[in-house]
Engineer: 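This is the structure I have questions about; it appears just below.
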Amino acid sequence: MTKVAVFGTGSWGTTFAVILAEAGNEVTLWGRRPELVEKIDRDHVNPDYLPGVALPSTLRATTDPARALDGADFVVLAVPSQLLRPNLAAWREHIPPHAVLVSLMKGIELGTTKRVSEVIREVAEVPEERVAVVSGPNLAKEIAQRQPAATVVACTDEAVAGRLQAICHLPRFRPYTNPDVVGVELGGAVKNVIALAVGISAGMGMGDNVSAMLITRGLAEISRLGAALGADAHTFAGLAGMGDLVATCTSPLSRNRTFGENLGRGMTLDEVVATTKQTAEGVKSCESVLALARKHDVEMPITEVVVGVVHDGMSPAEAGMLLMSRSPKPERYGV
């Protein structure tokens, strides 16, 4: 039996732990809050992040990282991306030397502009073939309710990707493999920024034409950045690109879209943060995404105005005017 440690008791970490447990693996979920961990371990519920969802009785939970990591074949990381580095440094000594580290996170590190897999490799001191990424249109609440979904498992080592695919495959949850770790990570990180923009426009009362424009132009931004970083263009046409982008930009379950909607309705950043229970990764990652784009001389106008609204005091109306008044570029077919 494959042994898996999952770090993070938020909605997606818990949901992925459910998938792994129901697929027949021995799964231990780590969390920092004793009261929540006890409810997961004893009562098989996560009332804070998945209320009303029954968790498998085989799923265990602990606050002890050493216990969770003991003998683990896979270590799944599902903490906020900006908190990964210090947490992983604290857990590193307990990680088994053979374990594969799996990222569920979708962000770019502030300051370094490193992708999450790069942070993992640096902090844990492991080769790239021991790091995998899971990404796609994976709205946790739907999957936790046992609705069908698909995802992408990315690793430079196809054999490792195949092993990870096998342990998280269920009749209702289908993982596809992809060796393009760069493209899969960029799709997952930048789509959160575009979802903020779509949410802001919706909160302002804009219609579906604007949403469609932002989604498709957002995909162009993701693709341009991906090309500059050596990603496979085909990745952005699949589940980890367009699939994840559409789900995150259009679903009321999307944290980033909802966060943007509240900004578009006139709430301040502090007000929205105060009413947001879970992490909206795009709020912090938009700055690092823009820094990464500028480092590689990639133009990302939607990302620029999102940073302006979220961090620099720009009004949503001003952001819309800036986008619509830009001089047209000689891009064929609107892509």
Side-chain angles (χ1 to χ4, degrees), residues 4 6-23 27 29-31 33 36-37 39-41 43-59 61 76-81 102-107 133-153 168-176 187-189 191-196 198-199 202-203 211 215 239-240 242-262 272-283 285:
V4 187
V6 179
F7 281 73
T9 53
S11 56
W12 184 217
T14 304
T15 297
F16 198 71
V18 169
I19 292 168
L20 291 164
E22 293 187 347
V27 184
L29 186 59
W30 173 90
R33 293 165 48 203
L36 181 58
V37 166
K39 287 184 179 296
I40 294 170
D41 194 59
D43 303 329
H44 313 301
V45 294
N46 185 334
D48 289 2
Y49 297 106
L50 294 176
V53 174
L55 307 182
S57 60
T58 57
L59 177 62
V76 179
L77 301 165
V79 297
S81 61
V102 182
S103 168
L104 301 188
M105 295 163 285
K106 299 180 178 182
V133 175
V134 176
S135 189
N138 298 148
L139 296 164
K141 185 175 180 180
E142 291 185 0
I143 298 173
Q145 292 171 339
R146 278 68 176 183
Q147 294 187 31
T151 196
V152 175
V153 170
C168 66
H169 185 208
L170 289 172
R172 69 173 190 278
F173 189 79
R174 178 162 186 171
Y176 293 82
K191 59 92 183 184
N192 287 328
V193 181
I194 307 305
L196 285 169
V198 173
S211 294
I215 291 170
L239 287 169
M242 177 57 82
D244 203 5
L245 181 65
V246 169
T248 307
C249 288
T250 62
S251 174
L253 298 177
S254 165
R255 307 170 197 171
N256 291 279
R257 180 196 160 99
T258 301
F259 197 105
E261 281 188 72
N262 287 328
V272 183
V273 170
T275 60
T276 302
K277 189 172 185 178
Q278 300 189 63
T279 302
E281 287 281 11
V283 174
S285 284

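In what follows, residues are counted from 1 in the order of the sequence shown.
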Engineer: Starting from the C-alpha separation in whole Å, work towards a yes-or-no answer on side chain to side chain contact (heavy atoms under 4.5 Å, CB included) for Phe259 and Val273.
Structural biologist: CA-CA 8 Å; Phe259 197 105; Val273 170; 3.9 Å; yes

Engineer: In Å and rounded to the nearest 0.5 Å, what is the CZ to OG distance from Arg255 to Ser11?
Structural biologist: 4.0 Å

Engineer: Could you tell me whether a side-chain N or O of Asn256 sits under 3.5 Å from a main-chain N or O of Gly282, the two making a donor and an acceptor?
Structural biologist: yes

Engineer: Compare every heavy atom of Leu139 with every heavy atom of Ser251, then report the nearest pair and how far apart it is.
Structural biologist: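 Heavy-atom minimum between the residues: OG-CD1, 3.4 Å.
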
Engineer: Ala144 and Leu50: which non-hydrogen atoms are nearest, and at how many Å?
Structural biologist: CB-CD2, 3.8 Å

Engineer: So do the side chains of Val53 and Thr14 get within less than 4.5 Å of each other, counting heavy atoms only?
Structural biologist: no

Engineer: Out of the candidates Asp244, Thr248, Asn138, only one should pair with Lys106 under the side chain to side chain donor-acceptor pair (under 3.5 Å) rule; please name it.
Structural biologist: Asp244

Engineer: How many angstroms lie between atom CG of Leu55 and atom CD of Glu22, to the nearest 0.5 angstrom?
Structural biologist: 9.0 Å

Engineer: How far apart are the closest heavy atoms of Ala17 and Leu59, and which atoms are they?
Structural biologist: CB-CD1, 4.0 Å

Engineer: Roughly how far apart are Met242 CE and Ile215 CD1, rounded to 0.5 Å?
Structural biologist: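 Those atoms lie 7.5 Å apart.
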
Engineer: Can you tell me how far apart CD (Glu281) and NZ (Lys191) are? Round to the nearest 0.5 Å.
Structural biologist: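 The NZ atom of Lys191 is 9.0 Å from CD of Glu281, to the nearest 0.5 Å.
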
Engineer: Any chance you could measure Arg257, atom CZ, to Cys249, atom SG, to the nearest 0.5 Å?
Structural biologist: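 Result: 8.5 Å between the selected atoms.
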
Engineer: Name the orientation class of the two ring planes belonging to Phe173 and Trp12 (parallel below 30°, tilted from 30 to 60°, perpendicular beyond 60°).
Structural biologist: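 Phe173 and Trp12: tilted rings.
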
Engineer: Out of curiosity, Leu239 CG to Thr151 OG1, how far, rounded to the nearest 0.5 Å?
Structural biologist: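 Between Leu239 CG and Thr151 OG1, I get 7.5 Å after rounding to 0.5 Å.
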
Engineer: Is any side-chain heavy atom of Val18 less than 4.5 Å from a side-chain heavy atom of Pro56?
Structural biologist: yes

Engineer: Would you say Pro47 and Leu36 make side-chain contact, with heavy atoms under 4.5 Å?
Structural biologist: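 Touching, per the 4.5 Å side-chain cut-off.
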
Engineer: Take atom CZ of Arg146 as the centre, draw a 6.0 Å sphere, and report whether it contains more than 12 heavy atoms from other residues, nucleotides or ligands.
Structural biologist: yes

Engineer: Does the salt bridge (Lys or Arg N to Asp or Glu O under 4.0 Å) test come out yes or no for Arg33 and Asp48, once each step is laid out?
Structural biologist: CA-CA 11 Å; Arg33 293 165 48 203; Asp48 289 2; 2.4 Å; yes

Engineer: Taking all atoms of both residues into account, what is the closest heavy-atom pair of Ser135 and Ala240, and its distance?
Structural biologist: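 Where Ser135 meets Ala240 most closely, the heavy atoms are O-CB, 4.4 Å.
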
Engineer: Tell me the closest heavy-atom pair linking Val283 and Leu196, and the distance in Å.
Structural biologist: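 Heavy atoms only, the tightest pair is N-CD1, 3.8 Å.
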
Engineer: For Ile40 versus Ala61, what's the shortest heavy-atom pair and its separation?
Structural biologist: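 Looks like CG2-CB, 3.7 Å.
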
